[in-house]
Amino acid sequence: MPALELFNTLSGKIEPLFAADGQTFRFYCCGPTVYDYGHIGNFRTFLHVDVLRRVLKLNDFAVKHVMNVTDVDDKIIRNASAAGLSIAEFSRKFEDAFFEDMTSLGVERPEAIARATENIPDMVALIEKLASEDIAYKGPDGSWYFRIAKFPEYGKLSKKDFEGIEDGARVDVDEYDKDAARDFALWKAVKPGETSWQTSLGEGRPGWHIECSAMAMKFLGDSFDLHAGGEDLMFPHHENEIAQSECASHKPFARHWFHVRFLLVEGRKMSKSEGNFYTLRDLLLKGYRAAAIRFLLLSVPYRHQLNFTFDGLTESTNAIERLRTFHQRIAKGTWQESASAENTVAEAIAAGEAAFLAALANDLNTAEARAAIFDVLRTVNAAADQARLTRVEADATLALLTKFDSIFAVLEDKDAELTKAALAWAEAEGRLAEASPEVLAQYGAGSLTDADIDALIAERTQAKKQRNFARADAIRNELLEKGILLEDSKDGVRWKRK
RNA sequence: GGCGCGGUACCCAAGUGGUAAGGGAGAGGUCUGCAAAACCUUUAUGCGUCGGUUCGAUUCCGACCCGCGCCUCCA
């Protein structure tokens with residue numbers, strides 16, 4: 001297998017991946033702030049981190065993946081108060097929703113989930129350590145700040161040069177409680193009515209940046225293999241994490257930095273004000289499938305912006321349908337027991353597998369990996385059509401598909417189940433009106449059950465035997481109107497939801 | 001203004017100093033009672049524009065045009 005290589009934001013180069021301790025690849029990913037439902041842009045990042053961990057595992061790495069959940073911050077405090085819930089109730093609701101969505105999208109759960117509110121003492125200890133070296137200081141308002149002047153390497157990740165920036169040149173420092181305009185908050189002094197912790201630093205709550213530093217080092221050690229997040233976090237969040245951590249430990253923090261570029265919607269950044277803001281649940285209620293969303297978001301390599309469109313989603317749905325049909329066909333068909341005279345199919349499968357692995361090893365080129373599988377699909381389908389596919393080749397194909405799916409995870413069809421779950425959620429939240437008529441007809445109350453469908457198919461098969469094609473076609477059309485598509489094959493009737 | 005990314009067929013998109021993967025869509029065909037699925041054929045003398053380097057550039061260099069992101073909370 002080719003060695004895994006990945007672009008490192010810190011060095012600006014493609015570098016080999018390895019576990020520094022020779023055993024377990026330890027990495028940290030900045031997780032969600034649970035103040036609302038996640039949108040598909042959020043999930044693009046987590047989906048690509050999921051590919052990274054799956055590729056590591058496919059390459060026989062043991063992994064320890066830690067993700068934080070920010071369950072206290074300004075937005076949570078604001079939204080919880082508006083919803084009339086406690087911070088804990090509110091953030092737990094959206095944390096649960098977040099992980100449900102992750103599961104719907106086939107994202108594996110990290111080995112450890114670190115909640116900010118459960119690790120306050122570690123953050124306090126880290127700030128105390130920085131304070132002992134005069135790197136953290138307490139402002140007149142009782143908040144604690146990080147003295148950037150103490151960390152000359154500040155800016156090394158985002159390649160920003162702060163040398164020429166004069167404090168006070170554009171910002172009147174006197175208006176702030178900080179010594180320098182760029183100094184950032186480590187600990188925020190309590191404000192009336194806000195959730196707070198009574199600590200040696202005073203009463204307050206942690207800043208966002210310190211959370212990740214404290215929890216990453218707690219779970220993974222002072223130095224670890226890789227740190228991931230969306231591109232927007234590069235500055236200032238990750239820059240601040242490096243500053244805090246390296247000043248406290250006097251050791252390098254994460255060796256490798258992995259940043260996933262943004263998802264655009266119809267050419268623009270997704271935002272509520274633009275009205276192009278989609279959550280996973282929005283899309284499921286519109287009738288798009290979870291697997292298609294996963295496949296689309298993974299089809300464009302992580303280092304490129306992905307322009308999300310509904311056409312793209314439809315395209316992705318069709319591509320997955322083709323893969324699943326192919327998989328079913330090869331798994332269920334009967335193939336030649338005798339060895340083939342030529343090895344062209346076997347060679348194509350082997351070449352496809354090599355290309356698939358090489359593409360992933362080359363900076364996670366998911367587009368090329370995907371193409372390699374479609375190449376095999378075409379070759380094997382052609383052989384199957386000509387009744388010259390052998391049992392051995394079919395098995396090799398299935399083994400390759402298993403490998404493919406250990407990364408892409410789209411072959412198993414859970415889409416109907418997930419859409420039904422989304423409908424149930426919408427009903428519970430009083431948001432059923434957001435579901436499209438098609439989704440309601442197919443999955444909502446009064447829709448056909450699998451047993452109903454099987455009964456109709458049996459009746460149609462009977463009609464066909466009697467050459468009553470009018471009745472057979474009527475049943476097929478009736479099912480089609482309800483979104484059920486029939487396919488006659490020599491191995492029986494297949495059906496699927498449109 | 002600073003930093004960075006991208007412009008490849010109808011759409012999405014990979015890629016390379018030596019002559020353009022893959023997917024989707026369209027068209028024609030094979031198969032089928034008819035469909036569907038599948039397969040076959042077909043759709044870029046061309047890779048934003050203009051120069052330069054080279055035997056040869058879409059791929060390297062320069063300029064320009066267009067789009068986008070970050071520089072503030074943000075995946």
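Heavy-atom basis, side chains included; hydrogens, waters and symmetry copies ignored. Letters A, B, ... mirror the listed sequences (proteins, then strands); counts begin at 1.
Regarding Trp335(A), its CH2 atom lies at a distance of 13 Å from the P atom of rA38(B), rounded to whole Å. What separates CZ of Phe46(A) from P of rC74(B) is a distance of 12 Å, to the nearest Å. Computed from coordinates, the Phe184(A) CZ to rC73(B) C1' distance equals 15 Å when rounded to whole Å. Rounded to an integer number of Å, the gap from CZ of Phe262(A) to C1' of rC71(B) is 13 Å. The distance between atom CG of Asp232(A) and atom C1' of rU72(B), rounded to the nearest whole Å, is 12 Å. Atoms CG (Asn477(A)) and C1' (rA35(B)) sit 9 Å apart, rounded to a whole Å. Rounded to whole Å, atom P of rG23(B) lies 21 Å from atom CG of Leu297(A). Rounded to whole angstrom, the span from the CZ atom of Phe404(A) across to the P atom of rG22(B) amounts to 16 Å.
Between Phe43(A) and Phe98(A), the ring center distance clears the sub-6.0 Å criterion.
Residue Leu485(A) has its side chain nearest to rA36(B) when only rC39(B), rG33(B), rA36(B) are considered. Here the side chain of Lys160(A) is nearest to one of rG23(B), rA75(B), rG2(B), namely rG2(B). The listed nucleotides are rG69(B), rA13(B), rA75(B); the one nearest the side chain of Met270(A) is rA75(B). In this structure, the nucleotide among rC68(B), rA14(B), rG24(B) sitting nearest to the side chain of Pro301(A) is rA14(B). Residue Lys75(A) places its side chain closer to rC73(B) than to any other of rC73(B), rA13(B), rA21(B). Residue Glu315(A) places its side chain closer to rG24(B) than to any other of rC73(B), rG24(B), rG69(B). Listed nucleotides: rC71(B), rG33(B), rA37(B). Nearest to the side chain of Arg467(A): rG33(B).
Counting any heavy atom pair closer than 4.0 Å across all strands shown, Leu263(A) reaches a base atom. Here Leu47(A) lies out of heavy-atom contact (under 4.0 Å) with every strand. Counting non-hydrogen atoms under 4.0 angstrom, Val260(A) reaches nothing in the nucleic acid. As judged by a 4.0 angstrom heavy-atom cut-off over every strand, Leu264(A) is placed among residues touching the sugar-phosphate backbone only. If you check every strand for non-hydrogen atoms under 4.0 Å, Asp375(A) touches sugar and phosphate atoms only. Residue contacts for Gln386(A): at a heavy-atom cut-off of 4.0 Å it reaches no nucleic acid atom on any strand shown. Across all strands, Phe469(A) comes closer than 4.0 Å to base atoms (heavy-atom distances). Nucleic acid contact for Gly312(A): none, since no nucleic acid atom lies under 4.0 Å from a heavy atom of the residue. Arg268(A) comes within 4.0 angstrom of the backbone, heavy atoms only, and of no base.
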(message) Just to be sure I follow the notation: if a pair is Watson-Crick (purine N1 to pyrimidine N3 plus N6-O4 or O6-N4) or a G-U wobble (N1-O2 and O6-N3), each under 3.5 Å, what dot-bracket string does RNA chain B give, with | for pairs to another strand?
(response) (((((((..(((.....[...)))((((((.......))))))....(((((..]....))))))))))))....
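Side-chain polar atoms of Thr279(A) and Asp282(A) form a donor-acceptor pair below 3.5 angstrom. A donor-acceptor contact closer than 3.5 angstrom is absent between the side chains of Glu100(A) and Ser104(A). Checking Thr390(A) against Gln336(A) by side-chain atom types alone, no donor-acceptor pair falls below 3.5 Å. Inspection of the Glu239(A) and Ser158(A) side chains reveals an N or O donor paired with an N or O acceptor under 3.5 Å. Using a 3.5 Å distance cut-off with no hydrogens or angles, the side chains of Glu211(A) and Thr70(A) do pair a donor with an acceptor. Looking only at atom types and distance, the side chain of Thr195(A) has no donor-acceptor partner in the side chain of Arg205(A) under 3.5 Å away.
In this model, the phosphate group of rG23(B) is approached by a side-chain N or O of Arg378(A) to a distance below 4.0 Å at OP1 or OP2. Between Asn318(A) and rG23(B), a side-chain N or O to OP1/OP2 separation shorter than 4.0 Å is absent. One finds a side-chain N or O of Asn365(A) lying less than 4.0 angstrom from the OP1 or OP2 phosphate oxygen of rG15(B). Under 4.0 angstrom from either OP1 or OP2 of rA37(B) there lies no side-chain N or O belonging to Arg494(A). For His259(A) and rC70(B), the shortest distance from a side-chain N or O to OP1 or OP2 is not below 4.0 Å. Listed pair Asn381(A) / rC39(B) meets the phosphate criterion, a side-chain N or O lying under 4.0 Å from OP1 or OP2. Residue Arg322(A) has a polar side-chain atom (N or O) positioned under 4.0 Å from OP1 or OP2 of rG24(B).
Of the P atoms belonging to rG46(B) and rC61(B), the separation is 24 Å, rounded to the nearest Å. Remark: the separation of the C1' atoms in rA13(B) and rA44(B) is 14 Å, to the nearest Å. The separation of rG18(B) from rG4(B), taken at their C1' atoms, amounts to 32 Å, rounded to a whole angstrom. rC39(B) and rC31(B): their C1' atoms are spaced 9 Å apart (whole Å). Rounded to the nearest Å, the gap between the P atom of rC3(B) and that of rC64(B) is 14 Å. Comparing the C1' positions of rG26(B) and rC5(B) gives an interatomic distance of 33 Å, to the nearest angstrom. Comparing the P positions of rA57(B) and rU41(B) gives a spacing of 31 Å, expressed to the nearest Å.
The base of rC68(B) does not come close enough to the side chain of Lys269(A) for any donor and acceptor atom to sit less than 3.5 Å apart. Donor-acceptor pairing under 3.5 Å, judged by distance alone, is absent between the side chain of Gln305(A) and the base of rG69(B). Looking at Arg476(A), its side chain comes within 3.5 Å of the base of rA35(B) through a donor and an acceptor atom. A donor-acceptor contact under 3.5 Å links the side chain of Asp473(A) to the base of rG33(B).
Figure legend: cation-pi geometry between Arg294(A) and Phe408(A) absent, as NZ or CZ is not positioned both under 6.0 Å from the six-membered ring centre and within 45° of its axis.
By the 30° and 60° cut-offs, the orientation of the rings of Phe310(A) relative to Phe308(A) is perpendicular. Using bins of under 30°, 30° to 60° and over 60° for the plane-to-plane angle, the ring pair Phe184(A)/His209(A) lands in the perpendicular bin.
By the 4.0 Å N-to-carboxylate-O rule, Arg460(A) lies close enough to Asp488(A) to be salt-bridged with it.
Heavy-atom distances to RNA chain B give each of Ser489(A) and His39(A) a nearest nucleotide, and the one nearer the 5′ end belongs to Ser489(A).
Nearest approach of Glu412(A) to Arg324(A), heavy atoms of both residues: O-NH2, 3.3 Å. When all heavy atoms of Gly106(A) and Asp50(A) are compared, the closest pair comes out as O-OD2, 3.4 Å.
Applying a 4.0 Å cut-off to non-hydrogen atoms, none of the residues of residues 28-38 of chain A approaches RNA chain B.
Between Phe374(A) and rG22(B), no base-stacking contact is recorded for ring centres under 5.5 Å apart and planes less than 30° from parallel.
Phe27(A) has its side chain within reach of Arg53(A): a pair of non-hydrogen atoms, C-beta onward, lies under 4.5 Å apart.
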